[in-house]
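Below is one structure; the comments refer to it alone.
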There are 2 protein chains.
Amino acid sequence: MSLKQSGKADIVDVARAAKVSASTVSRCFNHPELVNPATRKKIDRAIARLGYIRNRAAQAMHGKRSGTIGLIVPTINHAIFAEVVQSFSDSVEEAGFTILMTSHGYDLDREYDVLRKLLEHRVDGIALIGLEHSEKTYTLIAQQDVPCVAIWNHDAASRVSCVGAENFAAGRMAAEHILGLGHREVGMIFPQTAGNDRAQDRLDGAWSVLDEQGITVPEAWRLESPYSVAMAKAAVEELWRSGARPTALICGNDVIAQGAVYAALKLGVRVPEDLSIVGIGNFKGSLEMEPALTTVHIPAQDIGRIAGEEIVKSVASDAPEITRVRCDVELVLRATTRAIAGR
Amino acid sequence: MSLKQSGKADIVDVARAAKVSASTVSRCFNHPELVNPATRKKIDRAIARLGYIRNRAAQAMHGKRSGTIGLIVPTINHAIFAEVVQSFSDSVEEAGFTILMTSHGYDLDREYDVLRKLLEHRVDGIALIGLEHSEKTYTLIAQQDVPCVAIWNHDAASRVSCVGAENFAAGRMAAEHILGLGHREVGMIFPQTAGNDRAQDRLDGAWSVLDEQGITVPEAWRLESPYSVAMAKAAVEELWRSGARPTALICGNDVIAQGAVYAALKLGVRVPEDLSIVGIGNFKGSLEMEPALTTVHIPAQDIGRIAGEEIVKSVASDAPEITRVRCDVELVLRATTRAIAGR
DNA sequence: CGCTTTTATGAAAACATTTGCAATACTATT
DNA sequence: AATAGTATTGCAAATGTTTTCATAAAAGCG
């Protein structure tokens, strides 16, 4: 009769069933080398029989690790985040952690709220995307001093550890490539930059090159488009119909660039003969599309994996320090750009 | 100094700082209407001053909800899962839950392991993808009787609640469309079906139509391709080079279909004039690509959202019962299919 | 002004586990 | 056989919170 309802067994039920004390059962999980193999076998049998599953919540109360890493992303519904999230997740799971994930839809106030929630769950570490966060967010992280890594951006002066690429350099690289091909009439399509330092940095990088070479871009050729193939496609079509005829388009990311390519296909504009298009990101699909997209490669998988390793390292260490890892970007020449005619 | 190190405050520190008892502070969080507004204000100030963050682990020990929902996916690195995960996540966060997410890479044994881990964290509910799971997995869920919802597939005889489309119907729909256009020489490209009931059901659905109409597909025209545009593209190229000349291709999902379209573009095969291609899924990007992909729409967003609502409902109820929601699939006619010439 | 309700608070038990310490039982050594 | 280790186990305290119950203060009422 001491057998409780299934699915409700706790450690003392197991202890009773195995005729040992609760301490021994606990030790059996946490320091198996301290318990007699014979006893261990008895306990294992009892555990299996009762279907006992230990309670991490109760463990976490003892100042032990909770075994979770909090991950805060703007959204997972973007190819690029999915990729980085997956490799980050694999990386921390490897070390036995589970991911507690939330998203905030590019709202920095909501980011603060979800961070608090993650801390309520006593995550052992926090990973977030980018380095632009509200002051409250940074303060909270510092005050709770929970290990933290920012994924996606690199900045030598970051307030927390970071693993990422220099988006500024990526922006420069895209612009340099286009100008190097002789283009002077260039359009730009970038996502909204508020609350998105990745996009902002890329844009700044591109501008810096344009400025250096004395290229000006008419106001009407600076497009803003959300992260959506359809919207970018529409934006470019609109631009064309307005009579604009740039010879090249610098796109803030590959999704936008894909939209631009499709718009050109639809408008009968030949890529790259009439219009060169360069993206940033090198997303899955950019290689396979026809024509294959020229883009600046950002090593999302490496970034996710390394970020995972870093956070695990910080969690394990008792005096974690800020580390910064820079992953290099690289221009990938494919079929959507070419030197301007007559050059 | 009774002021502890920052970031370490617990409920009794707050109580001390506010000159009340711990019980009152606790009540302040859980039943604010029971505490005097003036006291509440004092407590709020103390909380802010000490940077106190409540400990869900300790709450969870009281048989209270942990406030987390476990989500087990094969991988997030696929457009389609990213979409469903995002809407599921939004949906449960709306109700105040946080997602504890793990992936298993299509390995059903690993799925069981991560399920156990999720249960150790005392998730309030479990969501998993598809209805094909190991016996151990089903047993564990039943034994622990934790609310559970299977996302993505619908089956009237499912052992757990489910929200999804009938993949069998989707497969039939794709095949019916192709045969309805007069095609008799058809190839099929599907992902591996082991451990992937979604793909298996679609394939079975397509076969059932083919069989009914007495169409046979040569062994060499039944391709298997992973979920990758590049691999599918290569597979179709290979098929073509081997001399095969089907007039239509039924693809197990849109990613494969995209690969097929790109392969055709590359090979100079005109779509849809020489080759009709139909996908399943209607992923983001399928509409915008040129030519736009004809496909069977599976409402991923609705599925994710509804699944979220269902799991929240089950968690709230104390006698949850199995519910099954079927989301209808729908053929979306676009530009990659047409009636066979001479018809 | 005494009596009954109502409102606000605190004390202590409970939750499921870990761990330091002490006790017991073996084993090896002389 | 006595001694000193060593291996194994149990007891009890501790962890941070919620909740039940009890108490005190305030308010309503005739």
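Each chain gets a letter, A, B and so on, in the order the sequences are listed, and its residues count up from 1.
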What N/O pairs connect the protein and nucleotides 4-12 of chain D at under 3.5 Å? Give each pair on its own line.
residue : atom : partner : partner atom : Å
D:dT9   : OP1  : A:Thr39 : OG1          : 2.4
D:dT9   : OP2  : A:Asn36 : N            : 3.1
D:dT9   : OP2  : A:Thr39 : OG1          : 3.2
D:dG10  : OP2  : A:Ser21 : N            : 2.7
D:dG10  : OP2  : A:Ser21 : OG           : 3.0
D:dG10  : OP2  : A:Thr24 : OG1          : 2.6
D:dG10  : N7   : A:Arg27 : NH2          : 2.8
D:dG10  : O6   : A:Arg27 : NH1          : 3.3
D:dC11  : N4   : A:Ser23 : OG           : 2.9

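A:His62 has its NE2 atom 13 Å from the P atom of C:dA16, to the nearest Å. To the nearest angstrom, P of D:dG16 lies 18 Å from NZ of B:Lys64. Computed from coordinates, the A:Asn55 CG to C:dA16 C1' distance equals 6 Å when rounded to whole Å. Across the protein-nucleic acid pair, A:Arg122 atom CZ and D:dT15 atom P stand 14 Å apart, rounded to whole Å. For the pair B:Ile47 CD1 and D:dT17 P, the computed distance is 10 Å after rounding to whole Å. Atoms CZ (B:Arg65) and C1' (C:dC15) sit 16 Å apart, rounded to a whole Å. Put simply, CE on B:Met61 is 11 Å from P on D:dG16, counting in whole angstrom units.
In this structure, the side chains of B:Ile129 and B:Val73 come closer than 4.5 Å at one or more pairs of heavy atoms. At least one side-chain heavy atom of A:Ser103 sits under 4.5 Å from a side-chain heavy atom of B:Gln86. Using a 4.5 Å cut-off on side-chain heavy atoms (C-beta onward), B:Ile126 and B:Leu115 make contact.
Ring geometry for A:Phe81 versus A:His78: interplanar angle under 30°, hence parallel rather than tilted (30 to 60°). Between A:His133 and A:Tyr138, the angle of the ring planes goes over 60°, which puts this pair in the perpendicular group of the 30/60° scheme.
Within a heavy-atom distance below 4.0 Å of DNA chain C, no residue of residues 114-121 of chain B is found.
Residue B:Asn30 places at least one side-chain N or O closer than 4.0 Å to OP1 or OP2 of D:dT18. Here B:His31 reaches the OP1 or OP2 of D:dT19: one of its side-chain N or O atoms lies under 4.0 Å away. Contact annotation: A:Gln59 side-chain N/O to C:dT18 OP1/OP2 distance is under 4.0 Å.
For the pair A:Arg305 and A:Phe88, the NZ or CZ position fails the cation-pi test of under 6.0 Å to the six-membered ring centre and within 45 degrees of the ring normal.
For A:Arg54, the listed nucleotide lying nearest its side chain is C:dT18; candidates were C:dA16, D:dT19, C:dT18.
Counting all heavy atoms, side chain and backbone alike, A:Arg122 lies closest to B:Ile53 at NH2-O, 2.8 Å.
No donor-acceptor contact under 3.5 angstrom links the side chains of A:Ser314 and A:Ser317, judged on distance only.
Counting non-hydrogen atoms of neighbouring residues, nucleotides and ligands closer than 6.0 angstrom, the CD atom of B:Glu33 exceeds 12 such neighbours.
B:Phe29 comes within contact range of no nucleotide atom at all, as no heavy-atom separation falls under 4.0 Å.
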